[in-house]
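Can you keep this structure in mind? I'll have questions shortly.
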Amino acid sequence: MESTTIKKLYREHENYADKQVKLSGWIRTLRSSKSFGFIELNDGTFFKNAQIVFDEALSNFKEIEKLPISTSITVEGKVVLTPNAKQPFEIKADNVIVEGTSSSDYPLQKKKHSFEYLRTIAHLRPRSNTFSAVFRVRSLAAFAIHKFFQERGFVYVNSPIITGSDCEGAGQMFRVTTLDLDNLPRTQDGQIDVKEDFFGKTTSLTVSGQLEAEVFALSFRNVYTFGPTFRAENSNTPRHAAEFWMIEPEIAFAELKDDMELAEDMIKYIINYVMENAPEEMEFFNNFIDNTLFDKLNNVVNSEFGHVTYTEAIEILKKSGQQFEYPVEWGIDLQTEHERYLTEKVFKKPVFVTDYPKEIKAFYMRLNDDNKTVAAMDLLVPGVGEIIGGSQREERLDVLERRIKELGMDINDYWWYLELRKYGGTKHAGFGLGFERMIMYLTGMSNIRDVIPFPRTPGNAEF
RNA sequence: UCCAUGGUAGCUCAAUGGUGGAGCAUCCGGCUGUUAACCGGAGGGUUGGAGGUUCGAGUCCUCUCCAUGGAGCCA
């Protein structure tokens, strides 16, 4: 007999009434009495379990009754509809074959565990309800992102993971080298001789694919990257990881306004797609992780995102009468407390903050006509904070060169980036979305370590 | 990296400076429709680590490691 899946049974159980089926999966829980028992079986295809009923008519009843949690089994039996029970159907087992036994010291118990504990067993936590839901949503969200961009004709660009330019200044980089660290080659003046290294120069793991995305935007018009990025910052917060995934669209013949419209459409698209395709998982998050989740997500999908310039935001904060730890003054970078006040108290929905002072933003952002601010935007969302950072890029070669020099950077490091402006440059814009932060927002999970399968944070790369 | 809080049984947590406990899990037994099943019994501890104060330290002090929350950096 061919195997079926628990997902199929849930979606089409009425068609399966009284039919023989075969299922394979792992025992989530098992309860038995003298002559019969129940198994909650999860086969990985669906958030919910199938209830298996087994009784003493089975030759191996005594063995089954004592199987430890997480034993993998194959069950053959009849689907019985149970409209009055908690679950719509169950399987009356004719045959239970043990595929792989487990052990009584299996660390996942049939009760609630703390996320901190589950992080110490990252190899087993995908078998728990919460992580089963998180990682299925993560997978669906990734697909939704590709679907969103592909439907709009965007070209998917794979930017390099090993990069030779450390010019973006987005953060500390992880060095990539094949040099013998116990015996480093030296030049005559005692410096490490990077010419001896694999690439003949200093290389690192990428902190952003933006510059490469700009290259492709200026030949494909609309492109996006979606891949891992790395920051060697010693950040110990629930919102930062050393390895995380980022989505970076880049659009040509476009301005900041187009960039923000794209960001808003994308966020709404992802939410809608996941709500539609993972209803059981989302229900679980709303019930057990954050019971304001549906309200928040519906609010996002059904509302226009807020817009405020940095200068206006400063005025709002100043007039709020709120005591902030960091005093508000034009020119400061917005602190977490300011961002949260704006998005959670003032707007109560996602809000774009635009046109920041040039001093606190990157060199490639387009200088506004006031000569003081740049065409940058951050999207702030309640509960998570900054989820997107983007800008219109500086397309004027002379202005860009001046900005690079002003900031004391070496213009020769950017020769290919500058040539994009020399040979048919145009106005263009883009943004970066932290994929894990999006998943946090979608699921209500409050720690980035719990939305990435194997989190990398300072001092932690066990799994 | 800074600030705060915490670290006790497999897990979640109690314990006034004076004999380290409970619930769940595990093991054994019982139970004919369970839903984190239920009922009875049993086993289970170098109190994160190192030093110190004290007649006596899980508890107080010093150092250290780790975790969590907040901040900074950012996505």
Considering only B/A71, B/A75, B/G70, which nucleotide approaches the side chain of A/Tyr326 most closely?
B/A71
Using a heavy-atom cut-off of under 4.0 Å over every strand shown, decide if A/Ser114 touches base, sugar-phosphate, or nothing.
sugar-phosphate
For the base of B/G33 and the side-chain ring of A/Phe38, does the geometry meet a stacking cutoff of under 5.5 Å between centres and under 30° between planes?
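Taking the rule of under 5.5 Å and under 30°, the ring of A/Phe38 does not stack on B/G33.
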I'd like the C1' distance from B/C27 over to B/U46, given in whole Å.
25 Å
Quick check: any donor-acceptor pair below 3.5 Å linking the side-chain of A/Arg437 to the base of B/C74?
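Indeed there is one.
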Looking only at the aromatic ring of each residue, does the gap between the centers of A/Phe347 and A/Phe305 stay below 6.0 angstrom?
no
Using a cut-off of 4.0 Å on non-hydrogen atoms, how would the nucleic acid contact of A/Pro238 be classed: base, sugar-phosphate, or nothing?
sugar-phosphate
Scan side-chain atoms only and decide if A/Thr74 and A/Ser24 contain a donor-acceptor pair under the 3.5 Å cut-off.
yes
Rounded to the nearest angstrom, tell me the gap between atom CG in A/Leu334 and atom P in B/C74.
12 Å
Run the ring-centre check on A/Tyr364 versus A/Tyr417 and record whether the distance is less than 6.0 Å.
no
In whole Å, what is the span from the CD atom of A/Glu65 to the C1' atom of B/C38?
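The distance from CD of A/Glu65 to C1' of B/C38 comes to 15 Å, rounded to the nearest Å.
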Does A/Tyr441 reach a base, just sugar-phosphate, or nothing at all? Heavy atoms under 4.0 Å.
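Contact class for A/Tyr441: none.
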Considering only atom C1', compute the distance from B/G17 to B/C28 and round it to an integer number of Å.
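Here B/G17 and B/C28 have their C1' atoms 40 Å from each other.
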How does RNA chain B read in dot-bracket, base by base from 5' to 3', with Watson-Crick or G-U pairs under 3.5 Å and | used when the partner is on another strand?
(((((((..((((....[..)))).(((((.......))))).....(((((..]....))))))))))))....
Could you work out the separation of B/U8 and B/A15 based on their P atoms and round it to a whole Å?
14 Å
Check the angle between the aromatic planes of A/Tyr310 and A/Trp330 and answer parallel, tilted or perpendicular using the 30° and 60° thresholds.
perpendicular
Could you state the CZ-P distance from A/Phe54 to B/G33, rounded to the nearest angstrom?
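Those two atoms, CZ and P, are 14 Å apart.
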Could you check whether A/Asn234 gets within reach of a base, just the sugar-phosphate, or nothing at all, counting any heavy atom under 4.0 Å?
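Contact class for A/Asn234: base.
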In whole Å, I'd like the distance from the CZ atom of A/Arg31 to the C1' atom of B/C39.
17 Å
What interatomic distance, in whole Å, is found between P of B/G52 and the corresponding atom of B/U12?
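The answer is 32 Å between these two P atoms.
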Between the base of B/C11 and the side chain of A/His113, is there any donor-acceptor pair under 3.5 Å?
no
Counting only distance, no hydrogens or angles, is the base of B/U1 paired donor-acceptor with the side chain of A/Asn236 under 3.5 Å?
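Indeed, a donor on one side and an acceptor on the other fall under 3.5 Å apart.
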With rounding to the closest Å, how many angstrom separate the C1' atoms on B/A36 and B/C3?
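About 39 Å, rounded to a whole number of Å.
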Could you check A/Tyr269 against A/Glu151 for side-chain hydrogen bond (donor to acceptor under 3.5 Å, both in side chains), going step by step and ending with a plain yes or no?
CA-CA 11 Å; A/Tyr269 188 99; A/Glu151 281 173 359; 3.0 Å; yes
Donor/acceptor link under 3.5 angstrom from A/Ser235 side chain onto base of B/C73:
yes
If you take the centroid of each ring, where Trp contributes its six-membered ring, are A/Phe454 and A/His123 closer together than 6.0 Å?
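No, the ring centres sit 6.0 Å or more apart.
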Looking at every strand, decide which applies to A/Ser104 at a 4.0 Å heavy-atom threshold: base, sugar-phosphate, or nothing.
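Sugar-phosphate, no base atom in range.
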Using heavy atoms to find the nearest nucleotide of RNA chain B for A/Glu40 and A/Arg449 separately, return the residue whose nucleotide is more 5′.
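On the 5' side of the pair lies A/Glu40.
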Would you mind classifying the nucleic acid contact of A/Glu90 as base, sugar-phosphate or nothing, using non-hydrogen atoms under 4.0 angstrom?
base
Hey, are the side chains of A/Leu256 and A/Arg366 touching, using non-hydrogen atoms and a 4.5 Å cut-off?
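In short, these two side chains do not touch, never coming nearer than 4.5 Å.
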Within the structure, does a side-chain N or O atom of A/Thr336 lie under 4.0 Å from either OP1 or OP2 of B/G72?
yes
Validation row, ring centre A/Tyr341 to ring centre A/Phe324 under 6.0 Å
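When the ring centroids of A/Tyr341 and A/Phe324 are compared, they turn out to be within the sub-6.0 Å range.
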Name the residue closer to the 5' end of RNA chain B, choosing between A/Asp333 and A/Glu337 according to the nucleotide with the nearest heavy atom.
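Comparing both residues, the 5'-ward one is A/Glu337.
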A/Arg239 CZ to B/A75 P: how many Å, rounded?
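Computing the A/Arg239:CZ to B/A75:P distance gives 13 Å.
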What contact category does A/Gln109 fall into here, base, sugar-phosphate, or nothing, at under 4.0 angstrom with non-hydrogen atoms?
base
Under 3.5 Å, is there a donor-acceptor pair between the A/Thr82 and A/Glu90 side chains?
no
When you check the phosphate oxygens OP1 and OP2 of B/G72, does a side-chain N or O of A/Gln335 lie under 4.0 Å from one of them?
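True: A/Gln335 side-chain N/O within range (under 4.0 Å) of B/G72 OP1/OP2.
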The single option from A/Phe143, A/Phe148, A/Tyr156, A/Phe435 that satisfies ring-ring contact (aromatic ring centres under 6.0 Å, His included) with A/Phe226 is A/Phe435
Can you tell me the distance, in whole Å, between the CG atom of A/Asn447 and the C1' atom of B/U68?
9 Å
Nucleotide B/C74, atom P - distance to CZ of A/Phe431 in whole Å:
20 Å
Distance check, C1' atoms only: B/U59 and B/U53, in whole angstrom units.
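13 Å, rounded to whole Å.
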Would you kindly give the NZ-to-C1' distance between A/Lys34 and B/C31, to the nearest whole Å?
8 Å
Under 4.0 Å between any heavy atoms, over every strand shown, what does A/Gln87 touch: base, sugar-phosphate, or nothing? Just pick one.
base
Closest approach to the side chain of A/Arg231, judged atom by atom: which nucleotide of B/U34, B/A75, B/A67 is it?
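Closest of the options to the side chain of A/Arg231: B/A75.
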B/G6 and B/C74: how far apart are their C1' atoms, nearest whole angstrom?
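Those two atoms are separated by 28 Å.
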In whole Å, what separates the C1' atom of B/C24 from that of B/A71?
37 Å
Does A/Gln51 make a side-chain donor-acceptor contact with the base of B/U34, cut-off 3.5 Å?
yes
